[in-house]
Number of protein chains: 2
Amino acid sequence: MKPTVHDIAAHAGVSLATVDRVLNGRAGVRPATREKVEAAIEALGFVRDVAAANLAKGRVYSFVFILPANDNSFMQALRAEVQAAAERGRRERMSLVMRDVPAFDIAALVAALDDAGRDRPDGVAFVAIDAPEVRAAADRLVEQGIAVVTLVSDLSGSRRVHFAGIDNIAAGRTAGTLLGRFLGGRPGPVLPLAGSLMVRDHRERLEGFGSVMAERFAARAILPVLEGRDDPVETGRLVQEALLAHPDLAGIYSAGAGNRGLIRALQAGGSGVRPVVIVHELTGATRDALAQDLIDGVLNQDAGHEVRSAIRVLKAETDRSAVVAAQERIRIDIFLKDNLP
Amino acid sequence: MKPTVHDIAAHAGVSLATVDRVLNGRAGVRPATREKVEAAIEALGFVRDVAAANLAKGRVYSFVFILPANDNSFMQALRAEVQAAAERGRRERMSLVMRDVPAFDIAALVAALDDAGRDRPDGVAFVAIDAPEVRAAADRLVEQGIAVVTLVSDLSGSRRVHFAGIDNIAAGRTAGTLLGRFLGGRPGPVLPLAGSLMVRDHRERLEGFGSVMAERFAARAILPVLEGRDDPVETGRLVQEALLAHPDLAGIYSAGAGNRGLIRALQAGGSGVRPVVIVHELTGATRDALAQDLIDGVLNQDAGHEVRSAIRVLKAETDRSAVVAAQERIRIDIFLKDNLP
DNA sequence: CTGTTAGCGCTTTCAA
DNA sequence: TTGAAAGCGCTAACAG
């Protein structure tokens, strides 16, 4: 049978309370006593039962998720995943509240972070805007002993314990290789599209994309980046114009959201061979477009995985326990028509 | 505060024991009483605390993993993941034992399954060989009330509760599209490679591969499948011969293991442009080959994910609780040089 | 500084 | 058919 606190108390010749104090690193134990207990723990190979401990503590993990009130499909999916996790959480001694903040609003995000801190939750997860004020606010939470995790978009130089999101430079490079190789010898320029170059993830994707194109497909002309503000209408308009301006357009890489507009423009595109298209995020629209051969590949980050991972990391941080590193690496999923889930 | 068994006992005007009997569907409760309790559960929105229940039961989940004593990198990785999970399990009231059986040996696998059943574990996970005898043995376990999960390779028509592995037909199709598109207009035939056509996963991969080639790249000549028995030496020899016999060989799809041999043959290949190569399973060898531009893409199944998923499903089955379906779908990971983990 | 004792939420004898 | 009471492994007052 696995040894329990009782066994180690007996073995060390002390009471349960003392064992508990040593186990939890609380003060008020004479060094000699502490050593006896530690020796017993070592000797019996004791590992504490976290479930029992949490039960005794009456612990309820309390986490706050702060998400941008952005209306694109990806953010909707992310919110749905947080919601689902919150519901499951009831079964597992976890209270998870979700708060919306206006998108791309630094002041609002800072306020939300400070606000979240006031309730003294065990952990906070949020989609970062990469700004010094936000970094400072995140660090204030860490200062209070609250575990902080960034979600989808990271915050450089901050003391957040973890980033639950993909490597966007690698994603951009992957898109570049896919697009370059799918194009093969087909002539014509390539159009990069983003939501906004102010957002770190889009910027990094284009950076990765650009470097691969320069390294491996140097002959290919790259048009200037168009910014569609993650808005389907705006994006659609920009693409339509580009298709007219460049009848020989060979490829499109859409690093941002608003792909419904891109897809509509492609459908309307009409005559000629359509360009090779790689986009981000598997949504209803991009999924259908892939199935109908309107686009060629979708890079995706799994919102469900990101949310579950953020929760696991926050829990582990609260318990001071370890995570399985490999499980918390968010993959860059590549979907072709053939491996749609 | 979340309602507990005490609350519902009070609300229903019965004792804890009766509540427990109803909760666990045990006999010996008058229908009228049962209904009172069920009404209280409903009214208070009670959800049982599984951790507390397991503590009280002194439950230790007991699972057996049966893996082929196959020496390729993938199986080694799989065994390492099971080992790691077993170690973590000590912390989480789980006893996980791993048993080896000779690879591709139906009788040995059947014996191992029957043997596992004798210890009456809560669940068994194993890499299936798709044969009627194995199916019967698996069903015998299910009959005993043991949860059964197949791992990596599935068992058609059996009563296993879950398959923790990838969709191999889709994987083959994906490989086909990648290879076909990477080839573009480059002339020359394509060589499919497998470990053995007796194994279901390899067969399915080639099936998917073949259908995509026929549908979308009909002009491309496909050479007869070569079987390398998942052995590096044998596979290397076959590829070397093929390279000599077909100097214009344009592509290779390796659906099985033994890729070290393939890679060596490619390195030796020397003169001319090397074929476009897509293989399965990210190992040390395939990873290096990808980084060095010796091969073009790796399809992968995440052994760690498969093992963790199998465990989650077995646990859920034992507890009669639900899983997050999306979390248990094993992805077909696609790795290019640019998104290596 | 250390020990005693009463739980956390649930299950399980053993009586009634 | 039902209930009282003890206890799973751990923590947290409260004494001493």
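Residue numbering restarts at 1 for every chain, and letters A, B, ... go by the order of the sequence lines.
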Hey, are [X] and [Y] close enough for a salt bridge, meaning a charged N less than 4.0 Å from a carboxylate O?
X: Arg48(A); Y: Asp319(A); answer: no
X: Asp139(A); Y: Arg160(A); answer: no
X: Arg331(A); Y: Asp167(A); answer: no
X: Asp122(A); Y: Lys315(A); answer: no
X: Asp7(A); Y: Lys2(A); answer: no

Value in whole Å for how far the [atom2] atom of [N] lies from [atom1] of [X]:
X: Ile8(B); N: dT2(D); atom1: CD1; atom2: C1'; answer: 15 Å
X: Lys36(B); N: dG3(D); atom1: NZ; atom2: C1'; answer: 13 Å
X: Asp49(A); N: dG7(D); atom1: CG; atom2: P; answer: 19 Å
X: Glu92(B); N: dC10(D); atom1: CD; atom2: P; answer: 14 Å
X: Lys57(A); N: dG9(C); atom1: NZ; atom2: P; answer: 15 Å
X: Asp319(B); N: dC10(C); atom1: CG; atom2: C1'; answer: 13 Å
X: His6(B); N: dA4(D); atom1: NE2; atom2: C1'; answer: 12 Å
X: Arg91(B); N: dG9(D); atom1: CZ; atom2: P; answer: 17 Å

Could you check whether [X] gets within reach of a base, just the sugar-phosphate, or nothing at all, counting any heavy atom under 4.0 Å?
X: Val19(B); answer: nothing
X: Asp20(B); answer: base
X: Gly58(A); answer: nothing
X: Arg93(A); answer: sugar-phosphate
X: Val29(A); answer: sugar-phosphate

Could you tell me whether the side chain of Thr318(B) and the main chain of Leu314(B) form a donor-acceptor pair under 3.5 Å?
yes
Verify the contact: side-chain N or O of [X] to OP1 or OP2 of [N], cut-off strictly under 4.0 Å; return yes or no.
X: Arg26(B); N: dT12(C); result: yes
X: Thr4(B); N: dG9(C); result: no
X: Arg59(A); N: dC8(C); result: no
X: Asn54(B); N: dC8(D); result: no

Would you mind telling me which of dC10(C), dT2(C), dG9(D) lies closest to the side-chain atoms of Leu55(B)?
dG9(D)
Taking the side chain of Ala17(B) as its heavy atoms from C-beta onward, which of dA12(D), dT4(C), dG3(D) lies nearest to it?
dG3(D)
Leu16(A) or Ala56(B), whichever maps to the more 5' nucleotide of DNA chain D
Ala56(B)
When Thr18(B) and Ala52(A) are each assigned the nearest nucleotide of DNA chain D, the 5'-most assignment goes to Thr18(B)
Which comes earlier along DNA chain C counting from the 5' end, the contact point of Arg21(B) or that of Arg48(B), where each point is its nearest nucleotide?
Arg48(B)
